[in-house]
Amino acid sequence: MISLVARVGLAVGLLVVCGCDGDAKKPAAGSVTPSAPGSVEPTPTKSKAPVKRVVKVPSGVMAGYVVFDREARKVLVQHDVHQTFRSASVVKILLALDYLERRGKPEGSELELMRVMLRSSDDHAATHFWAEGGKGAIIERMARKLGLTETAPPPADKPGFWGYTALSAADVLKTYRYLVERAPGEDREFVVGQLKRATQCGTDHFDQFFGIPRAVPKPWAIKQGWSGFGDVPAEACREGTFRPVSGPFLGLGRPVLHTTGLLGDNKIMVLLTLHPAGSTYAEASKTITKLAGEIYRASS
């Protein structure tokens with residue numbers, strides 16, 4: 001699940017994309033212009049340095065976020081952008097891009113499946129496109145094409161679990177930038193168009209309007225992600241079954257809640273979070289919404 005904004009971008013939760021050079025502008029009223037020879041230079045007006053807002057991640061919550069300004073081409077705020085998380089439904093953007101670039105815009109029943117996957121985060125639709133594209137091969141193709149260095153397929157023993165794809169805020173930012181800056185025009189318009197039409201209710205009856213939708217003013221185009229709140233049981237820990245972690249960190253056993261998207265025309269926001277075991281959906285939604293608002297304000 002994800003979102004669209006106007007002048008800055010976040011990654012690990014937020015990304016922003018823009019692309020046009022502005023027209024030359026006249027000096028703003030009150031600005032100092034070069035003076036003619038012999039004239040008296042005006043005394044510069046002292047201005048206070050901007051106050052940087054501190055974004056405090058709640059105790060017990062792991063978060064990776066970034067806001068990127070596409071016009072200025074710089075990161076405005078970031079934290080742990082290379083930390084990996086399991087993707088939950090945020091991976092559905094990659095599923096859509098991979099299909100569109102291999103086969104073009106879907107038709108008939110597949111068109112409806114892709115719409116509901118992107119707008120309402122439908123899991124059955126995602127499973128269809130996951131199988132159609134060769135499962136983990138989709139992630140390998142897109143990682144190569146987009147230059148995603150921390151994105152990886154699900155663990156080898158869980159090939160059907162598309163939501164266990166590993167990703168980072170930095171890579172989600174790269175994905176949004178590719179979508180709005182480099183993807184073929186028809187593909188970009190289709191995917192962003194669906195994200196702009198995100199429904200409040202997912203097809204699994206979860207309210208997906210948390211994070212960006214409740215913390216950032218419109219317009220936005222969002223893709224959210226959630227996992228571990230009852231739909232997928234946590235793996236129980238048993239004595240004698242310990243195995244060293246051989247792949248990216250996924251935070252299995254703790255619920256994840258992600259909010260990502262495009263903000264207006266120029267911003268990308270990505271916020272990925274891992275919550276304490278036992279957190280309720282309502283509690284986690286409130287936490288991520290508050291955090292998203294603080295990150296957005298800190299980037300403004």
Side-chain angles (χ1 to χ4, degrees), residues 1-6 10 13-17 87-133 138 142 162-163 165 167 172 175-176 178-180 183-227 229 231-232 256-265 267-272 281 285 288-289 292:
M1 299 136 213
I2 284 175
S3 145
L4 211 246
V5 183
L10 301 181
L14 300 176
L15 300 178
V16 177
V17 191
S87 67
S89 291
V90 172
V91 75
K92 292 169 183 175
I93 295 177
L94 293 178
L95 302 189
L97 287 173
D98 179 75
Y99 181 98
L100 292 169
E101 298 200 7
R102 286 186 297 108
R103 300 186 54 182
K105 187 175 179 179
E107 299 178 347
S109 60
E110 285 197 323
L111 175 59
E112 183 53 35
L113 282 174
M114 189 166 290
R115 283 173 173 165
V116 74
M117 178 180 75
L118 294 173
R119 295 182 187 184
S120 305
S121 204
D122 188 84
D123 291 343
H124 296 295
T127 298
H128 168 83
F129 291 113
W130 183 250
E132 183 278 333
I138 297 171
M142 296 309 292
W162 43 261
T165 295
L167 47 68
V172 178
T175 300
Y176 274 107
Y178 173 82
L179 174 61
V180 297
E186 290 186 359
D187 296 353
R188 177 176 62 252
E189 291 176 9
F190 176 77
V191 175
V192 173
Q194 305 313 308
L195 302 185
K196 286 181 177 179
R197 295 175 177 82
T199 60
Q200 179 173 351
C201 302
T203 54
D204 61 358
H205 306 297
F206 275 81
D207 186 335
Q208 64 171 346
F209 276 12
F210 54 83
I212 291 172
R214 294 190 185 276
V216 178
K218 285 187 174 183
W220 34 252
I222 59 165
K223 188 67 203 77
Q224 312 285 65
W226 57 87
S227 171
F229 294 97
D231 286 347
V232 180
V256 299
L257 205 60
H258 308 326
T259 181
T260 73
L262 303 172
L263 311 182
D265 294 326
K267 290 185 181 179
I268 299 169
M269 181 171 180
V270 180
L271 172 57
L272 312 180
Y281 190 75
S285 295
I288 194 174
T289 297

inquiry  = Before we go on, tell me: are the rings of Trp220 and Phe209 under 6.0 Å apart, centre to centre?
reply    = yes

task = Evaluate the criterion side-chain hydrogen bond (donor to acceptor under 3.5 Å, both in side chains) for residue pair Gln194 and Arg119; output intermediate values, then yes/no.
result = CA-CA 5 Å; Gln194 305 313 308; Arg119 295 182 187 184; 2.6 Å; yes

remark   = Interatomic distance, CG@Leu95 vs OG@Ser89, rounded to 0.5 Å, equals 9.5 Å

ask   = Mind checking whether Ser227 and Leu257 have side chains closer than 4.5 Å, heavy atoms only?
value = no

inquiry  = Determine whether a donor-acceptor pair (N or O, by modelled atom type, separation under 3.5 Å) exists between the side chain of Gln208 and the backbone of Thr199.
reply    = yes

message = Contact between Leu272 and Leu167 at the side-chain level, heavy atoms closer than 4.5 Å - yes or no?
response = yes

key: SB check Asp123 Lys92 (cutoff 4.0 Å)   = yes

request  = In plain terms, say whether Glu132 and Arg102 are close enough for a salt bridge, that is, a side-chain N and a carboxylate O under 4.0 Å apart.
outcome  = yes

ask   = Considering only heavy atoms from C-beta outward, does the side chain of Thr259 approach that of Pro213 to under 4.5 Å?
value = yes

query = Would you say Thr289's side chain and Gly211's backbone share a donor-acceptor pair under 3.5 angstrom?
reply = yes

task = Please name the residue in the list Thr165, Thr175, Leu97 that meets the side chain to side chain contact (heavy atoms under 4.5 Å, CB included) test with Met142.
result = Leu97

remark   = Between Pro106 and Leu100, the two heavy atoms sitting closest are CD-CD2, 3.7 Å

Main-chain N/O of Met114 paired to Tyr99 side chain as donor or acceptor, under 3.5 Å = no

key: Over 12 foreign heavy atoms within 6.0 Å of CD, Glu107   = no

ask   = Roughly how far, to the nearest 0.5 Å, is the CG atom of Asp98 from the CH2 atom of Trp130?
value = 10.0 Å

query = Shortest non-hydrogen contact from Phe129 to Met117?
reply = CD1-SD, 3.9 Å

query = Closest heavy-atom contact between Phe210 and Gly225?
reply = CZ-O, 4.0 Å

Separation of Ser285 OG from Phe229 CZ (nearest 0.5 Å) = 6.5 Å

Using residues 184-193 as the side-chain source, report each donor-acceptor pair under 3.5 Å to any protein atom, sequence neighbours left out, with the distance given to one decimal.
residue: Arg188; atom: NH1; partner: Ala183; partner atom: O; Å: 3.0

message = Is the shortest side-chain heavy-atom distance between Val256 and Trp226 below 4.5 Å?
response = no

